[in-house]
Amino acid sequence: MIWKLKVCVQSFEGHDSFVYFHSIGMDRKTPNHKSLDSILFDIEALEAEVLHIEARLEQAGPGSRTELQQALQQLRSTITTAHIRYNEAHNSQLPLFQLPNEVLGVIFRLAQRNSWFDTLRENPGIDTQVRISHVCKHWRDISLSLLPLWSVFRYRNVKSLKHCIPLRRLEIYLERSKDYPLDLWFNLFLDGTFDNARASVESSSWPQILKLLALILPHIHRIRELHITAPDGKINDFLSHLQKASAPALEFLTIVGEKKRELFKGSNWSPNIFLGGAPRLKYLRSDDAQFSRPPLQSIVQLRLEQRAQFIRGSPAFSLSLLEEILTLPHLEILSMCGHFLRIEPAVLAQARPKIEARKLTHLRCDGYLSLLPQYILSHVEAPVLETITFSSFNFSKTSPAGPPVNDFPSLHTLVLIGYTLLLGQNLDTDYAELTRLPWLLDLMAVTHRIKKLFLMNEAKCGAPEFMYAVTAALSTVAASRLTRSPLKSWADNLEEIVLDIPSIELNLDHYLQLTQGLPKLSVAKMNRMCMNKLDETRGSERWERMARVKAVEGFGLGGDHLGRPIIPVGWVPGPEWIEGDLDPLASILPLNLD
């Protein structure tokens, strides 16, 4: 049997460029110096001898049968060994088997990594590294010696496999990985669904599932990644063991729970796990479940996110805690999404010192029930901030307390998604009212340096009205150029716009006016249905007036026409190679409508 391994070789940043092997002392010479034909000839001769002995055995008397049976057993064993030698000799001549062990090791790791994406939400099967280790002796020797292959363990609670909790598999992986850093992922919700919290803990397999977590406790010192998604309060016994623990190797941590959540509490962070220290921790995803606050001194990527449908408690989010988070010394990527982070209108008018986020590079936050986006715009200075993503930015509920004073000098991308456009606005109002839309001119002024703008919204959420409002605002800015106090806006630098709205809400006249109000615009992208609607104007006067936009590109579920992702870099914080939990913003994104 000839085994084949389909491998997609690609680079993966963030990983070491070399592979660790445990010493196996392999002899890379051909197992047998005879030619393949010679080995086959020997096998055929042995098989002929077997037939001969079997024929003699049928006619042998009781006294000689034992001796013939022993000879027959020895011959069959010799044939098995000869077949093994033939297979090894055959394999050793294949080009793939001429590769150095280190190259094969890299291929094996890439095959392992790529398999995670294919099986992320499918029922888990046999791990790729296990399949590789059963191809042939040579591959098994290499795979068993390749410690990184056995340092990754992923478990998802699947109903069809509830009686097959992989305790022994985890024990073997922990043993085979020796002292190599561990990457561990546990989704303990039944079938990975948050609505199944009660069914998860009432399952007969739940005690065995908890034993999985208990197995990793002696190895906390070498865990590099730990991602746990579990029903609230049901793994507190495990998490309580982490309170005073030291995690010198920990770099990535996820602890998230159910949809129901209390409001974010406390006037400061107050760590409650890994109090013994986690000096390398650079990524944290948390929804503030109990026992989910490690020390943050070394954090680079912070995701405070939850999918709450119901929040208990009065609306409050400590500004001192927000300032503590924004001023973390190494923070580069910050995502704050969920109803547990609320800022009320009165807070915006409070005079407070500016918060300086010195290293913040990518920011996204949610404003569905909060004025967090507006507070950040008016109170935070971020000299190296490159991208901002606002979900549910409320343009109409409040007015700015005063003229904008911030200016993000490094900002190049702004994303407005979800119910961001006219939340609470009467969409049947006179269009003249839209020219006085609060916050729009201020948002334009603060983000006037952007070169790329994303406008993404669902049906009946005011896309045509917002486009008109933007056009009116651009006209207001243009008129101010003739005064002593000219206003700043997106017209200053904007080169590319990405438009993802239902095609029925693409008002071509508003789109035409928008493109005319952005003199540096050179690229426009939109989903295919909007693209088809725009194509209907080709050859018309309106099309000719829009023709200075050099490229109008459609995109679909897979990205643009070159397969590049539509969403900007700031949307995917975190170690994608193992952290497979759904991004909470994904449920509200109207991305890539066809």
Chi angles and distances behind the side chain to side chain donor-acceptor pair (under 3.5 Å) call for Ser151, Arg224: CA-CA 10 Å; Ser151 68; Arg224 186 181 74 100; over 6 Å; no
Please assess Leu514 against Ile497 for the test side-chain contact (heavy atoms from CB on, under 4.5 Å), listing each intermediate value before the final yes or no. CA-CA 10 Å; Leu514 179 64; Ile497 187 169; 3.7 Å; yes
Step by step, work out the side-chain contact (heavy atoms from CB on, under 4.5 Å) result for Leu174 and Phe153. CA-CA 9 Å; Leu174 293 173; Phe153 181 86; over 6 Å; no
Please assess Ser391 against Ile417 for the test side-chain contact (heavy atoms from CB on, under 4.5 Å), listing each intermediate value before the final yes or no. CA-CA 5 Å; Ser391 166; Ile417 60 172; 3.9 Å; yes
Steps toward side-chain contact (heavy atoms from CB on, under 4.5 Å) verdict (Ile299, Leu281): CA-CA 6 Å; Ile299 286 292; Leu281 184 62; 3.8 Å; yes
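Tyr155 contributes atom OH, which lies 9.0 Å from atom CG of Leu167 (distance to the nearest 0.5 angstrom). Of the inter-residue distances, the one linking Ser267 atom OG with Leu319 atom CG reads 11.5 Å to the nearest 0.5 angstrom. In this structure, CG on Leu302 lies 10.5 Å from CD1 on Ile333, to the nearest 0.5 angstrom. To the nearest 0.5 Å, atoms NZ (Lys525) and NZ (Lys452) are separated by 5.0 Å. If you take CE on Met444 and OG1 on Thr476, they are separated by 9.0 Å, rounding to the nearest 0.5 Å. The CG atom of Leu328 sits 9.0 Å away from atom NE2 of His330, with the distance rounded to the nearest 0.5 Å.
In this structure the side chain of Ile388 never reaches within 4.5 angstrom of the side chain of Ile376, judged on heavy atoms. Two residues are said to be in side-chain contact when any heavy atoms from C-beta on lie closer than 4.5 Å; Leu242 and Leu217 meet this criterion. Two residues are said to be in side-chain contact when any heavy atoms from C-beta on lie closer than 4.5 Å; Phe274 and Ile220 meet this criterion. Under the 4.5 Å side-chain criterion, counting only non-hydrogen atoms from C-beta, Leu334 is in contact with Ile325. In this structure, Arg449 and Phe408 have side chains that are not in contact, with every pair of non-hydrogen atoms separated by 4.5 Å or more. Taking 4.5 Å as the limit, some side-chain heavy atom of Leu443 sits within range of a side-chain heavy atom of Leu416. Looking at heavy atoms from C-beta onward, Leu455 lies out of side-chain contact with Ile501 at the 4.5 angstrom threshold. The side-chain heavy atoms of Leu210 and Phe238, taken from C-beta on, include no pair separated by under 4.5 Å.
Under 4.0 Å is where a charged nitrogen must lie from a carboxylate oxygen, and between Glu251 and Lys282 at least one such pair does. A salt bridge links Arg364 with Glu305: the distance from a Lys NZ or Arg NE/NH1/NH2 to an Asp or Glu carboxylate oxygen falls below 4.0 Å.
Scanning all heavy atoms of the two residues, the minimum distance from Ala247 to Pro279 falls at O-CD, 4.0 Å. Summarising the geometry of His219 relative to Leu182, their closest heavy-atom pair is CB-CD1, 3.8 Å, with the distance given to 0.1 Å. Pairing each heavy atom of Leu474 with each of Gly517, the nearest pair is CD1-O, 3.8 Å. Contact detail for Leu212 and Leu170: the closest heavy-atom pair is O-CD2, 3.5 Å. Closest approach of Leu239 and Ile273 over heavy atoms only: O-CG2, 4.1 Å. The two residues Asp492 and His448 come nearest to each other via the heavy atoms OD2-ND1, 3.3 Å.
Legend: residues meeting ring pair (Phe, Tyr, Trp, His ring centres under 6.0 Å) with Tyr375, ordered by chain and number and at least two apart, are His379. For Asp179, there are no side-chain hydrogen bond (donor to acceptor under 3.5 Å, both in side chains) partners two or more places apart in sequence or in a different chain.
Using a 30° and 60° split on the angle between ring planes, Phe390 and Phe393 fall in the tilted class, from 30° to 60°. Taking the six-membered ring for Trp and thresholds of 30 and 60 degrees, Tyr283 and His227 have ring planes more than 60 degrees apart, a perpendicular arrangement.
Checking side-chain atoms of Arg293 against main-chain N and O of Trp269 turns up a donor-acceptor pair under 3.5 Å. Remark: side-chain polar atoms of Thr361 are not paired, donor with acceptor, to backbone N or O of Glu386 under 3.5 angstrom. Under the 3.5 Å distance criterion, the side-chain polar atoms of Arg222 are matched with a main-chain donor or acceptor of Tyr180. When atom types are taken as modelled, the side chain of Asn527 and the backbone of Asp500 share no donor-acceptor pair closer than 3.5 angstrom. Listed for the Asp366 side chain is no donor-acceptor partner under 3.5 Å among the backbone atoms of Met336. Between the side chain of Asn187 and the main chain of Arg156, no donor-acceptor pair closer than 3.5 Å is present. A donor-acceptor pair under 3.5 Å is formed between the side chain of Lys354 and the backbone N or O of Ser378.
Side-chain contact, Thr387 with His362: a donor N or O sits under 3.5 Å from an acceptor N or O. Ser292 and Ser286 are linked by a side-chain donor-acceptor pair at a separation below 3.5 angstrom, with hydrogens and angles left out of the test.
Relative to the six-membered ring of Tyr173, Arg169 meets both conditions, a distance below 6.0 Å and an angle of at most 45° to the axis.
In summary, of the residues considered (Asn157, Thr254, Ile216, Ile209), a side-chain contact (heavy atoms from CB on, under 4.5 Å) with Phe186 occurs for Ile216 alone.
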